[in-house]
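Bear in mind that the values here come from a model prediction, so they are computed numbers and not experimental data.
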Amino acid sequence: METQIPVIDLQEPQKLRQVCSKWGCFRLINHGVDTKLMAEMKSAIKELFDRPIEIKQRNKEVVAGSGYMAPSEKNPLYEAFGLFDVSSSLSLSSFCSDLQVSPHTREIIERYGQAISKLATEIASKLAASMGLTDYSFEGWPLQFRINKYTFTRETLGTSGVQIHTDSGFLTILQDDENLGGLEVMDPSGIFTAVDPLPDTFLVNLGDIAVPWSNGELRNVQHRVQCKDIGMRLSIATFLSPSLEQTIEAHPSFIEPGHPPMYAPFTYEQLRGIRAAEKLHAGEALERVQFSK
């Protein structure tokens with residue numbers, strides 16, 4: 001299916017820098033993750049939402065937004081599970097135990113976690129390399145995991161599944177629903193563009209951290225989910241983010257005499273705090289740490 005979103009072949013990433021600077025998102029093909037595993041993971045997560053509420057609520061937060069989220073007044077169509085760091089075997093084991101998943105489902109989630117962790121690091125490293133940082137390492141960065149369910153009915157057509165927002169981390173890998181659309185991203189002209197389903201691919205988008213890290217070159221992309229069809233929509237998002245205490249500032253390679261640092265140094269925890277306290281979830285939080293022009 002044709003889409004306006006740029007397409008990047010991970011094995012031929014020459015346009016990665018250009019696309020991330022202009023769009024801040026792209027459709028990823030030839031990514032190396034077994035498509036059979038992707039299908040197995042989708043089947044495995046469906047059963048989680050059938051758990052009794054008392055089991056679902058065992059999925060506790062480690063940081064805000066990393067645990068179970070029940071439908072709410074703000075997002076009545078949305079339900080989700082979270083895992084703070086899918087690259088941590090201990091964290092993943094606790095997640096599976098708390099939700100009482102079967103050994104078979106646990107094995108699928110573990111294999112998927114390993115594959116998506118490798119992919120996230122590879123994408124970030126290739127993006128850094130495309131910007132001249134061939135030795136920059138993202139090893140050890142937590143990978144927050146969120147399993148999303150949207151329940152769209154005839155009565156909810158035309159409403160919002162999730163409000164307009166940016167992601168707070170460095171980059172996000174999304175395995176979208178293969179059949180039911182609704183995701184929209186803001187294109188470079190400021191217009192929301194539909195992201196049509198495309199099986200066996202991932203959608204990658206940059207978050208807030210990428211902007212100050214690149215001294216303003218990379219683009220964080222606003223996105224939302226709209227209810228356009230009737231049905232259940234499932235997606236799996238993986239967020240590559242720095243540790244909470246890590247200081248975020250422009251890499252020296254992106255600072256030049258005519259292009260000084262645009263943002264004051266801050267920690268990831270501080271940025272998350274600003275977003276939460278001031279309800280600035282669509283990228284505006286970066287203005288709080290931006291130097292005066």
Side-chain angles (χ1 to χ4, degrees), residues 38-113 116 142-165 167-169 172-183 223-239 241 272 275-277 279 281:
M38 294 172 67
E40 289 176 337
M41 183 63 179
K42 271 297 180 70
S43 296
I45 66 173
K46 287 180 182 179
E47 68 179 55
L48 297 181
F49 291 101
D50 295 329
R51 294 284 194 276
I53 185 63
E54 61 268 21
I55 300 296
K56 293 178 180 180
Q57 290 174 339
R58 294 179 183 176
N59 178 212
K60 301 295 185 182
E61 290 186 339
V62 175
V63 298
S66 67
Y68 174 69
M69 296 179 67
S72 64
E73 183 177 350
K74 182 178 181 180
N75 290 313
L77 312 180
Y78 178 71
E79 184 180 13
F81 293 98
L83 172 59
F84 176 62
D85 188 4
V86 72
S87 64
S88 163
S89 58
L90 179 60
S91 179
L92 197 150
S93 179
S94 296
F95 174 82
C96 291
S97 297
D98 290 342
L99 294 175
Q100 298 181 349
V101 305
S102 67
H104 176 65
T105 298
R106 179 189 292 258
E107 187 263 339
I108 291 172
I109 295 175
E110 288 176 348
R111 286 195 291 118
Y112 187 90
I116 211 74
L143 278 162
Q144 189 173 334
F145 200 49
R146 181 150 292 282
I147 300 167
N148 309 297
K149 175 187 174 184
Y150 305 85
T151 303
F152 295 150
T153 65
R154 187 175 304 278
E155 292 73 26
T156 61
L157 287 173
T159 64
S160 177
V162 167
Q163 306 298 321
I164 298 171
H165 67 284
D167 296 332
S168 65
T172 303
I173 301 173
L174 180 73
Q175 182 180 341
D176 208 357
D177 194 283
E178 295 81 8
N179 303 303
L180 196 61
L183 177 65
H223 50 286
R224 65 186 181 185
V225 175
Q226 296 290 96
C227 176
K228 298 181 177 181
D229 293 294
I230 299 171
M232 180 177 69
R233 183 176 184 276
L234 291 174
S235 65
I236 308 168
T238 307
F239 307 90
S241 307
R272 288 174 58 92
R275 284 172 58 107
K279 295 181 171 56
H281 298 294

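With rounding to the nearest 0.5 angstrom, the OG1 atom of T153 is 7.0 Å from the CD1 atom of I230. Note that CG of L180 and SG of C227 are 8.0 Å apart. Values are rounded to the nearest 0.5 Å.
Side-chain atoms of K42 and I108, non-hydrogen and from C-beta on, never get closer than 4.5 Å to each other. I116 places none of its side-chain heavy atoms less than 4.5 Å from the side chain of I236. A 4.5 Å side-chain heavy-atom check between L92 and F145 finds every atom pair outside the cut-off. Proximity of L143 to V86: side-chain heavy atoms (C-beta onward) are separated by under 4.5 Å at one or more points. Counting only heavy atoms from C-beta outward, the side chains of M232 and D177 never approach each other to under 4.5 Å. Side-chain contact check for F84 versus F95: every heavy-atom pair is 4.5 Å or farther apart. For the pair H165 and H223, the minimum side-chain heavy-atom distance is below 4.5 Å. Residues L83 and S91 have side chains in contact (heavy-atom distance under 4.5 Å, counting atoms from C-beta outward).
Scanning all heavy atoms of the two residues, the minimum distance from N148 to F49 falls at C-CZ, 4.1 Å. In this structure, E61 and G67 approach most closely via the heavy-atom pair CG-N, 3.5 Å. Residues E47 and A44 approach most closely at CG-O, 3.0 Å, considering heavy atoms. G169 and S241 get closest at one heavy-atom pair: CA-OG, 3.3 Å.
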Inset, instruction - Could you please spell out the steps behind the side chain to side chain contact (heavy atoms under 4.5 Å, CB included) verdict for R233 and D176? - result: CA-CA 9 Å; R233 183 176 184 276; D176 208 357; 2.5 Å; yes

Inset, instruction - Please lay out, stage by stage, how V101 and R51 fare under the test side chain to side chain contact (heavy atoms under 4.5 Å, CB included). - result: CA-CA 10 Å; V101 305; R51 294 284 194 276; 4.0 Å; yes

Legend entry - Residue pair F152, L77: steps toward the side chain to side chain contact (heavy atoms under 4.5 Å, CB included) verdict: CA-CA 7 Å; F152 295 150; L77 312 180; 3.8 Å; yes

Inset, instruction - Carefully, step by step, assess V225 and L183 under the rule side chain to side chain contact (heavy atoms under 4.5 Å, CB included). - result: CA-CA 4 Å; V225 175; L183 177 65; 4.2 Å; yes

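Within the 3.5 Å criterion, the main-chain N or O of L90 finds a donor-acceptor partner in the side chain of S94. Formation of a donor-acceptor pair under 3.5 Å by the N59 side chain with backbone atoms of G82 is found in this model.
Take Y150 and apply the side chain to side chain donor-acceptor pair (under 3.5 Å) test, not counting sequence neighbours, and it matches no residue.
Partner of Y68 under the side chain to side chain donor-acceptor pair (under 3.5 Å) criterion, out of K60, R58, Q57, E79: E79 alone.
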